[in-house]
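Counting from 1, the numbers follow the sequence of the chain as shown. All figures in this text were calculated on a predicted structure; none of them were measured in a lab.
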Amino acid sequence: MDIIFYHPSFNTEYWIAALSNALPQANIRAWVKGDDAPADYALVWHPPVDMLKGRALKGVFALGAGVDSILGQLKAHPEMLAESVPLFRLEDTGMGQQMQEYAVSQVLHWFRRFDDYQQLKLQAQWKPLDEYQREDFTIGILGAGVLGGKVAESLLAWGFPLRCWSRSRKSLPGVTSFAGAAELGDFLHGTRVLINLLPNTPETVGIIDRALLGQLADDSYVMNLARGVHLVEEDLLQALNKGKLKGAMLDVFNQEPLPATHPLWAHPRVAITPHMAAVTRPAEAIAFITQTILQLEHGQPVSGLVDRQRGY
């Protein structure tokens with residue numbers, strides 16, 4: 001079989017060598033402009049339109065958890081990838097554990113009031129604060145897919161009340177599930193920490209806006225680990241400045257890199273990381289891709305298949 005590979009920043013030589021070792025029966029090459037030779041599979045991230053256009057592929061693998069860049073290109077260039085070509089995303093491949101580490105560390109940071117102690121430290125104030133109570137620190141997870149489920153699982157051991165909201169109802173141990181637009185308000189009511197892990201779809205763009213934030217518990221916190229387009233940044237800043245929100249931890253933004261002049265940088269109650277909450281780990285990703293290709297070649301069931309209509 002023939003496999004083409006394209007990623008604008010990954011170490012291409014490493015990936016091709018590792019993939020060749022895992023799939024010795026395959027001919028794997030880095031795609032370069034003008035390469036229109038036959039291929040069975042394509043491994044890509046933000047691929048140029050002419051890389052995929054007109055190819056009769058057995059499958060395309062997005063080298064990350066999201067496929068919105070490919071789906072966005074398809075809107076402008078529907079000829080880039082035929083509807084019959086399966087599109088796959090990396091469901092976990094080490095990203096679940098990274099999301100768990102990120103979410104748990106930040107939830108505990110807020111719960112133990114380290115954000116408040118940092119503010120007191122800047123004022124040289126020695127002042128023990130009242131503890132928060134677990135039963136009052138309800139955590140709500142927007143999005144209950146693979147990564148959302150992993151984050152819920154990691155928080156369960158800490159004894160916080162947990163709830164999730166998604167398009168369809170989920171069954172996660174120890175987690176109260178809410179589903180659909182009709183139950184979003186019930187999900188938000190009483191939520192103290194909102195963790196966003198939604199997929200990027202037309203329905204979820206701008207979902208974390210003034211109206212949604214206003215339904216959270218007072219002195220609540222927001223953690224955005226999914227996509228910048230989910231959050232209306234101006235509404236978040238307003239909720240922080242009015243005291244409705246107590247803090248935010250943001251890993252993704254509408255514009256990346258975040259401009260140096262953006263007011264989020266200067267806000268004392270906003271913590272920022274540069275879109276690193278969970279990155280593709282090559283060994284795990286290559287194992288998943290290898291297994292999936294072999295399953296496809298043998299006509300076996302596979303996971304990670306994207307529903308283009310839903311967007312994930």
Of all heavy-atom pairs between Trp31 and Asp50, which one has the smallest distance, and what is that distance? CH2-OD1, 3.7 Å
Flag the pair Phe111 / Phe160 as yes when their ring centroid distance falls below 6.0 Å, and as no otherwise. yes
Salt bridge flag under 4.0 Å for residues Arg169 and Glu183: yes
Nearest heavy-atom pair of Leu90 and Thr93: which atoms, and what distance? CB-OG1, 3.7 Å
A side-chain contact here means heavy atoms from C-beta on lying under 4.5 Å apart; do Leu258 and Leu250 qualify? no
Below 4.0 angstrom, N of the basic side chain to O of the carboxylate: do Lys246 and Asp115 qualify? no
Hey, quick one: are Met223 and Leu184 part of the same hydrophobic cluster, counting side-chain heavy atoms closer than 4.5 Å, chains of contacts allowed? no
Any ion pair linking Arg269 and Asp116 (charged N to carboxylate O, less than 4.0 Å)? yes
Take Trp45 and Ser9 through the test side chain to side chain contact (heavy atoms under 4.5 Å, CB included) and record every step on the way to the result. CA-CA 9 Å; Trp45 191 249; Ser9 61; 5.9 Å; no
Rounded distance (nearest 0.5 Å) linking atom OG of Ser220 with atom CD1 of Ile139: 12.5 Å
Any side-chain heavy-atom pair from Trp15 and Ile28 closer than 4.5 angstrom? no
State whether the side chain of Ser154 and the backbone N or O of Val151 hold a donor-acceptor pair below 3.5 Å, judged by distance alone. yes
Are the side chains of His77 and Lys53 in contact, using a 4.5 Å heavy-atom criterion? no
State, without any angle test, whether Glu233 and His262 hold a side-chain donor-acceptor pair at a distance under 3.5 Å. yes
Is NZ or CZ of Arg113 both nearer than 6.0 Å to the six-membered ring centre of Tyr132 and within 45° of the ring axis? yes
Arg134 to Phe137 six-membered ring, cation-pi geometry met (6.0 Å, 45°): no
With the side chain counted from C-beta on, respond yes when Arg281 and Gln97 share a heavy-atom pair under 4.5 Å apart, and no when they do not. yes
Can you tell me how far the CG atom of Asp92 sits from the CD atom of Gln98, to the nearest 0.5 Å? 9.0 Å
Just checking Arg308: does its CZ atom have more than 12 heavy atoms from other residues, nucleotides or ligands closer to it than 6.0 angstrom? yes
Could you tell me which non-hydrogen atom of Leu264 sits nearest to which non-hydrogen atom of Leu237, and how far apart they are? CD2-CD2, 3.8 Å
Without swapping roles, check the side chain of Gln73 against the backbone of Pro47 for a donor-acceptor pair under 3.5 Å. yes
Heavy-atom closest contact (Ala39 atom, Leu57 atom, distance): O-CD2, 3.4 Å
Evaluate the criterion side chain to side chain contact (heavy atoms under 4.5 Å, CB included) for residue pair Leu216 and Val222; output intermediate values, then yes/no. CA-CA 10 Å; Leu216 295 170; Val222 170; 4.2 Å; yes
Only counting residues at least two apart or in another chain, list the ones meeting side-chain hydrogen bond (donor to acceptor under 3.5 Å, both in side chains) with Asp186. none
Joint hydrophobic cluster, Val60 plus Tyr312, side-chain heavy atoms closer than 4.5 Å: no
Parallel under 30°, tilted from 30 to 60°, perpendicular over 60°: which one fits the rings of Tyr117 and Phe114? tilted
Would you say Phe88 and Leu43 make side-chain contact, with heavy atoms under 4.5 Å? no
Check the side chains of Thr138 and Arg163 for a donor-acceptor pair under 3.5 angstrom, ignoring hydrogens and angles. no
Distance (rounded to the nearest 0.5 Å) between Lys170 NZ and Trp165 CH2: 10.0 Å
When you compare the side chain of Glu91 with that of Ser303, does any pair of heavy atoms fall below 4.5 Å? yes
Using a cut-off of 6.0 Å, state whether more than 12 heavy atoms not belonging to Glu256 lie near its atom CD. yes
Would you give the length of the straight line joining atom CG of Leu87 to atom CG of Leu71, rounded to the nearest 0.5 angstrom? 6.0 Å
I'd like to know whether Gln106 forms a side chain to side chain contact (heavy atoms under 4.5 Å, CB included) with Tyr221, so could you lay out the CA-CA distance, the side-chain angles of the two residues, the decisive distance to 0.1 Å, and finally the verdict. CA-CA 10 Å; Gln106 187 59 36; Tyr221 300 90; over 6 Å; no
Between Asn224 (side chain) and Arg227 (backbone), is there a donor-acceptor pair under 3.5 Å? yes
Does Leu305 belong to the same Ile/Leu/Val/Met/Phe/Trp/Tyr cluster as Met95, with side-chain heavy atoms less than 4.5 Å apart forming each link? yes
Please check this pair: side chain of His230 against backbone of Pro199, looking for a donor-acceptor N/O pair closer than 3.5 Å. yes
Examine Val306 and Met80 and state if one hydrophobic cluster contains both, with Ile, Leu, Val, Met, Phe, Trp and Tyr joined whenever side-chain heavy atoms are less than 4.5 Å apart. yes
Tell me whether Glu13 at atom CD has more than 12 heavy atoms from other residues, nucleotides or ligands lying less than 6.0 Å away. no
Is a donor on one side and an acceptor on the other found under 3.5 Å between the side chain of Gln100 and the backbone of Lys150? yes
Are any side-chain N or O atoms of Asp251 and backbone N or O atoms of His275, one a donor and one an acceptor, separated by less than 3.5 Å? yes
Drop me the distance from Leu108's CG to Leu155's CG, to the nearest 0.5 angstrom. 8.0 Å
Using every non-hydrogen atom in the two residues, find where Leu63 and Phe5 come nearest and quote the distance to one decimal. CD1-CE1, 3.6 Å
Any side-chain heavy atom of Gln300 within less than 4.5 Å of one from Leu294? no
Value rounded to 0.5 Å, distance of NE2 in His46 from NE2 in His7: 7.5 Å
Applying the side-chain hydrogen bond (donor to acceptor under 3.5 Å, both in side chains) test to Tyr41, which of Glu297, Arg55, Lys58 qualifies? Glu297
Can you give me the closest heavy-atom contact between Leu172 and Ala152, atom names plus distance? CD1-CB, 4.5 Å
Heavy atoms, side chains only, cut-off 4.5 Å: are Ile16 and Ile3 in contact? no
Please answer: with hydrophobic residues joined when any side-chain heavy atoms are less than 4.5 Å apart, are Phe61 and Val85 in the same cluster? no
Full working for side chain to side chain contact (heavy atoms under 4.5 Å, CB included) between Val229 and Asp68: CA-CA 11 Å; Val229 295; Asp68 35 294; over 6 Å; no
For the pair Asp2 (side chain) and Ile4 (backbone), establish whether a donor and an acceptor sit closer than 3.5 Å, ignoring hydrogens and angles. no
Asn196 side chain vs Leu198 backbone, donor-acceptor pair below 3.5 Å: yes
